[in-house]
Protein chains: 2
Amino acid sequence: MKPAADAKNDTSKRILDIAEQLLLTRGFNAFSYQHISSELGVRNAAIHYHYPKKTDLGVALIQRYRRRFQRFVDAQHTLAPQQQLERYFTLTDAYFEHDQQICPSGILTTEYQTLPPEMQAEANAFVDEMRDWAVRIAEAGRADGSMHYGGTPQAMGLLMLAALQGGLQLARTDQTVLPALKIQIRALLGLATPLP
Amino acid sequence: MKPAADAKNDTSKRILDIAEQLLLTRGFNAFSYQHISSELGVRNAAIHYHYPKKTDLGVALIQRYRRRFQRFVDAQHTLAPQQQLERYFTLTDAYFEHDQQICPSGILTTEYQTLPPEMQAEANAFVDEMRDWAVRIAEAGRADGSMHYGGTPQAMGLLMLAALQGGLQLARTDQTVLPALKIQIRALLGLATPLP
DNA sequence: GAAACTCTACTTACTGGTTAGTAAGGTGTC
DNA sequence: GACACCTTACTAACCAGTAAGTAGAGTTTC
């Protein structure tokens with residue numbers, strides 16, 4: 001057994017978990033190491049031991065998102081485009097139901113001008129990856145004849161990403177937003193509402 | 001002449017102008033009275049004289065947005081739906097071109113959980129008004145036969161609002177976002193790109 | 001097998017800067 | 001002299017970040 005190595009990983013990971021929750025509900029500028037340390041039951045400096053600068057923590061957070069998102073995408077590359085879109089919707093719903101969290105790309109682009117350059121670079125890459133994925137769904141849906149829409153797949157994917165990012169934010173003022181948005185996106189793609 | 005009254009109004013208004021710029025580029029949590037006072041060339045306490053609490057300033061900012069937006073909407077109630085949509089696009093472009101500002105509703109809903117209740121209430125009302133306007137455009141466009149889309153006008157208006165709000169944020173990482181989004185929304189509504 | 005070491009994961013204690021907000025006073029205008 | 005509009009001077013809280021020390025577990029050396 002190696003309790004030392006496990007303990008290190010565990011605290012490091014728990015810091016990321018708490019920071020993620022704070023990031024998606026309050027934003028990067030509106031949470032402090034105090035929030036994390038009091039939640040974790042340790043002192044402030046313990047967080048600095050694992051992530052010396054807040055920038056380090058921010059970069060680690062986005063990098064973990066990128067890895068997780070890549071696994072999410074990889075895990076369903078065999079699914080039909082329509083099913084992939086439904087997974088996308090499910091992911092969006094999950095954010096909202098978890099303390100009205102919003103999409104990470106929404107936080108990062110909204111606070112973009114105040115973020116350190118290292119985080120801006122990670123945010124750029126993350127947004128690119130999310131956009132590419134949305135575009136691939138629109139492309140595949142047109143290619144296999146399951147989705148029917150005007151314009152290019154590039155623009156349609158972008159529109160879906162932008163609408164869901166904005167929709168998650170708007171949902172905080174009105175919880176009927178997300179269901180209506182999902183129905184409308186399906187309607188624009190000529191899709192039927194799927195059976196459970 | 002009434003220089004006293006003008007001076008009061010002028011300083012008060014200039015504080016709002018500077019605060020607005022800071023809000024739309026940095027967010028409410030990421031600007032301070034110091035930012036405003038140094039920009040304005042006065043001391044910190046002078047800002048507190050006009051807006052005792054930061055909450056007061058925030059509420060005044062949103063209320064001014066609401067008045068301005070209402071005037072914007074009223075000023076074009078005689079225009080055709082398609083022209084109203086183009087005005088909406090122009091408004092969006094103007095935000096982006098002004099130091100990559102984003103939509104006020106985007107900031108307010110993203111920082112929603114950290115805002116004081118008075119600002120949350122104003123934000124709710126503001127988002128409602130923006131949404132209503134988008135819905136009315138979609139309704140009028142369907143009614144006069146100029147726009148053709150699936151789904152309800154309520155959902156279509158919501159989708160346009162959400163997409164433009166998210167799109168303004170995403171445009172910070174890639175400036176080609178907004179043009180593509182506008183083209184796609186027109187395509188989904190069966191509209192031709194208007195001539196200048 | 002025990003003393004000496006090294007490393008991880010913290011702690012206490014602190015610095016310097018920023019924050020919103022207040023209290024009291026000054027200055028010019030009606 | 002009353003009021004609008006500021007100033008100086010301050011408080012208390014919070015912020016990121018650092019320095020130095022410590023407890024304990026594992027590792028090395030004789």
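Quantities reported herein were computed from a predicted structural model and do not represent experimental measurements. The analysis underlying the following values was restricted to heavy atoms, covering all of them including side chains, and did not include hydrogens, waters or symmetry mates. Chain A is the first sequence line, chain B the second, and so forth, proteins listed ahead of strands; every chain is numbered from 1.
The interatomic distance linking Ile15(B) (CD1) with dA4(D) (P) rounds to 16 Å, in whole Å. Residue Tyr51(A) contributes atom OH, which lies 17 Å from atom C1' of dA16(D) at whole-angstrom precision. Asn29(A) has its CG atom 12 Å from the P atom of dT19(C), to the nearest Å. The distance from atom CD of Gln34(B) to atom C1' of dT18(C) is 7 Å, rounded to the nearest whole Å. Atom pair Leu57(B):CG and dG21(C):C1' shows a separation of 14 Å (rounding to whole Å applied). For the pair His48(B) NE2 and dT11(D) P, the computed distance is 16 Å after rounding to whole Å. At whole-Å resolution of the value, CG in Asn44(A) and P in dA13(C) are 15 Å apart. Put simply, NE2 on His35(A) is 10 Å from C1' on dC14(D), counting in whole angstrom units.
In the set dG21(C), dC15(D), dT22(C), the nucleotide with an atom closest to the side chain of Ala45(B) is dT22(C). For Tyr49(B), whose side chain is taken as the heavy atoms from C-beta onward, the closest listed nucleotide among dA4(D), dC15(D), dT12(C) is dA4(D). In the set dC6(D), dT11(C), dA20(C), the nucleotide with an atom closest to the side chain of Val42(A) is dT11(C). Checking dA16(D), dT12(C), dA20(C) against the side-chain heavy atoms of Tyr33(A) singles out dA16(D) as nearest. Checked against dT8(D), dC6(D), dC10(C), the side chain of His50(A) finds its nearest nucleotide in dC10(C). Closest contact between the side chain of Ala46(A) and the listed nucleotides dC10(C), dG17(D), dA16(D) involves dC10(C). Of all nucleotides listed (dT11(C), dA20(C), dT8(D)), dA20(C) comes nearest to the side chain of Lys54(B).
With Tyr149(B) as the aromatic partner, Arg142(B) meets the cation-pi criteria of under 6.0 angstrom to the ring centre and within 45 degrees of the ring axis. Relative to the six-membered ring of Tyr88(B), Lys182(B) misses at least one condition, a distance below 6.0 Å or an angle of at most 45° to the axis.
When only modelled atom types and interatomic distance are considered, Gln165(A) and Thr109(A) share a side-chain donor-acceptor pair under 3.5 Å.
For the pair Arg43(A) and dC10(C), the criterion of a side-chain N or O lying under 4.0 Å from OP1 or OP2 is not met. Put simply, Ser32(B) has a side-chain N or O that comes within less than 4.0 Å of OP1 or OP2 on dT19(C).
Asn29(B) CG to Thr114(A) OG1: the interatomic distance, rounded to the nearest 0.5 Å, is 9.5 Å.
The pair Asp17(B)-Lys13(B) counts as a salt bridge, with a side-chain nitrogen and a carboxylate oxygen less than 4.0 angstrom apart.
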